[in-house]
Amino acid sequence: MENTSQKNIQSPRGTRDLLPDQIVGWQFLEKVFSEVAQRFGYQEIRTPIFEHTEVFSRVIGENTDVVSKEMYSFQDKGEKYSLTLRPEMTAGAVRAAVQHNLTATGQLQRLWYIGPQFRYERPQAGRFRQFYQCGAECYNASSPESDAELIMFAAMVLQELGLSQYTLHINTLGTAGCREQYVQALVQYLEEKKELLSHDSQVRLTKNPLRILDSKDRGDKAILKDAPILSDYLSEESKQHFTKVLSILEANGYSYTITQSLVRGLDYYSHTVFEFTSSDLGSQDALGGGGRYDSMFEYFGGKHTPSVGFSLGMDRIIMILQKIRPEIFTLPTIDCYIIAMDKTVGEVVQTMAMKMRQNNISVITDLQYRSLKAQMREANKIGAKTVIVIGEEEIKSKQYKVKNMEDGSETLRSEFIG
RNA sequence: GCGAACGUAGCUCAGUAGGUAGAGCAGCGGAUUGUGGUUCCGCAUGUCGCGGGUUCAAGCCCCGUCGUUCGCCCCA
């Protein structure tokens, strides 16, 4: 597997280095997210990047693509157990909540998180093997208000970022019971027309029938026209729950699209599911999504704990920000660039720079003994607000001129030197 | 996992009858030896992703490989 003939080692497939001019955009995104989280009263949680494999395999669903073929799993050294790089954040957060009894007495918990996740997939635009998500979870609330809170939290983040061009798709899957009955009816209907279905959908019929609803195949779509509809199988409570969620969104000015085919890829969802999509992205157009998952705590031996959460795909948000708000990706400027005329004043310049930094002024000096002109050019290029030139004269007189780079004006000063 | 395209200087890319690589930008130096952004002049740069093959000769053709991109699948 090792390709020794390749001289230049590159980052592994589907991973990337985020270089300085990118990082400023990520920092902006992280700041906006944590500020909005604070406004909603959510607290940050950080969980390990790898977990025991069962944390994911049990909860996400053995038949999902994520578990069946996308996990980075490995045997821990000298141990008998298998570990897995997290393919998503929710399962780990719930595991932590159970382990530390965060929800044992039924109290509400509002948590947010941010970090990298890993899935073995074919990379393409907006899809990476190491990708980043930020998201939030609310435990011990079964109310439609809690669903709405999470959706509006996510929507507010997008708004604050300046991403107004998104579509909020929303759907309800009902309770596990409703869904089971529906899946039965759907399978029964589709079994009869199995030969007419696309190959992919024939496989899905046994593995994950709900996904057929989402098929892009024309033939499948035609067959689905007369298929049973999930909403006919919803209980009264499920319907009421969903209606309430929608009315809260409306009352707060959030428009949405009910998308019956929205079923989401992970097995643990019930009731409300939602997804934000953007036309500014390619075929991987989901910016984020989430939903309600009421039974996950029980998988970890916890009490029944109704929960709802969402996560946003940071890589994809960054892609859009680069497109529509390039000004975010400008590096911060420096207060002062001190130019050393020659090697002999190098030390003095360092001392001066340190004194200024101790006074909370950002200072850059040239470390390559370059010419005055080169240093001037660099000061200008990086957008230094002021420039100070230090040579023999300045050291003798203990005075120097501070040049304002914007208007070219100079002021005589004598602090920090000598 | 399937189908398709692409991979040339730090960056964007040209190189279309196969004959030992070019432009713009960025970089560095200079235009009366202590002051930037414009302009002008000069300099440097690449194992043409990697490996193999065909050929007298390959950046251009063939095979493999790695990577990127697009679609499918799936998902954030």
Side-chain angles (χ1 to χ4, degrees), chain A residues 1-16 19 21 60 63-70 87-90 115-135 154 198-201 203-204 207-208 211 214-217 262-266 274-278 281-290 310-320 337-342 345 368 370-394 400-408 410:
Chain A
M1 220 38 209
E2 241 6 78
N3 189 351
T4 48
S5 62
Q6 193 165 346
K7 279 183 189 167
N8 302 316
I9 298 176
Q10 300 174 320
S11 59
R13 182 169 215 193
T15 69
R16 345 169 254 147
L19 304 176
D21 60 334
I60 297 172
N63 282 330
T64 60
D65 277 27
V66 170
V67 169
S68 62
K69 54 187 188 194
E70 294 176 2
E88 55 107 53
M89 299 284 247
T90 302
Q117 287 142 82
F118 308 85
R119 286 182 205 170
Y120 182 82
E121 291 183 277
R122 195 69 187 268
Q124 68 184 69
R127 189 166 77 183
F128 309 96
R129 290 184 173 179
Q130 174 172 341
F131 60 103
Y132 297 81
Q133 287 186 339
C134 50
S198 66
H199 175 74
D200 284 333
S201 287
V203 175
R204 284 188 278 232
K207 291 184 86 176
N208 196 346
R211 288 233 70 95
D214 213 3
S215 176
K216 284 162 195 160
D217 185 88
L262 178 64
V263 292
R264 313 237 347 126
L266 312 176
F274 54 93
E275 201 166 278
F276 296 88
T277 61
S278 165
L281 292 169
S283 92
Q284 309 301 324
D285 66 350
L287 276 182
F310 75 87
S311 66
L312 297 174
M314 298 174 74
D315 311 78
R316 294 179 186 176
I317 289 175
I318 291 288
M319 287 169 75
I320 299 177
Y337 191 111
I338 307 182
I339 292 175
M341 280 306 297
D342 52 66
V345 298
Q368 299 178 307
R370 284 186 294 173
S371 68
L372 170 69
K373 174 171 276 190
Q375 295 185 62
M376 260 328 271
R377 278 188 183 150
E378 194 194 356
N380 180 63
K381 200 180 78 179
I382 64 175
K385 295 189 188 99
T386 60
V387 164
I388 298 170
V389 177
I390 298 295
E392 295 296 334
E393 289 174 27
E394 284 77 10
Y400 55 88
K401 284 179 273 184
V402 177
K403 178 165 185 166
N404 180 322
M405 288 298 275
E406 221 168 294
D407 56 22
E410 294 184 319

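Owing to the predicted nature of the structure, the values given are computational and were not obtained by experimental measurement. Throughout, protein chains are lettered first and strands after them, A, B, ... in sequence-line order, and every chain is numbered starting at 1.
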> Out of A:K373, A:Q368, A:R370, which one pairs with A:E378 under the side-chain hydrogen bond (donor to acceptor under 3.5 Å, both in side chains) rule?
Replying inline: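 Of the listed options, the one satisfying the test is A:R370.
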
Partner of [N] by Watson-Crick or G-U wobble geometry, both contacts under 3.5 Å, or none?
N     : value
B:A14 : none
B:C50 : B:G64
B:A58 : none
B:U45 : none
B:G1  : B:C72
B:A26 : none
B:A31 : B:U39

Reckon [X] touches a base, only the sugar-phosphate, or nothing at all at heavy-atom distances under 4.0 Å?
X      : answer
A:R370 : sugar-phosphate
A:Y132 : nothing
A:A384 : nothing
A:E393 : base
A:G14  : sugar-phosphate
A:L287 : sugar-phosphate
A:G135 : nothing

>> Starting the side chain at C-beta, find the nucleotide from B:A76, B:A31, B:G34 nearest to A:R377.
In response: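 So the side chain of A:R377 is nearest to B:A31.
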
> Going through the distances and angles, do A:E394 and A:V345 end up as a side-chain contact (heavy atoms from CB on, under 4.5 Å)?
Replying inline: CA-CA 10 Å; A:E394 284 77 10; A:V345 298; over 6 Å; no

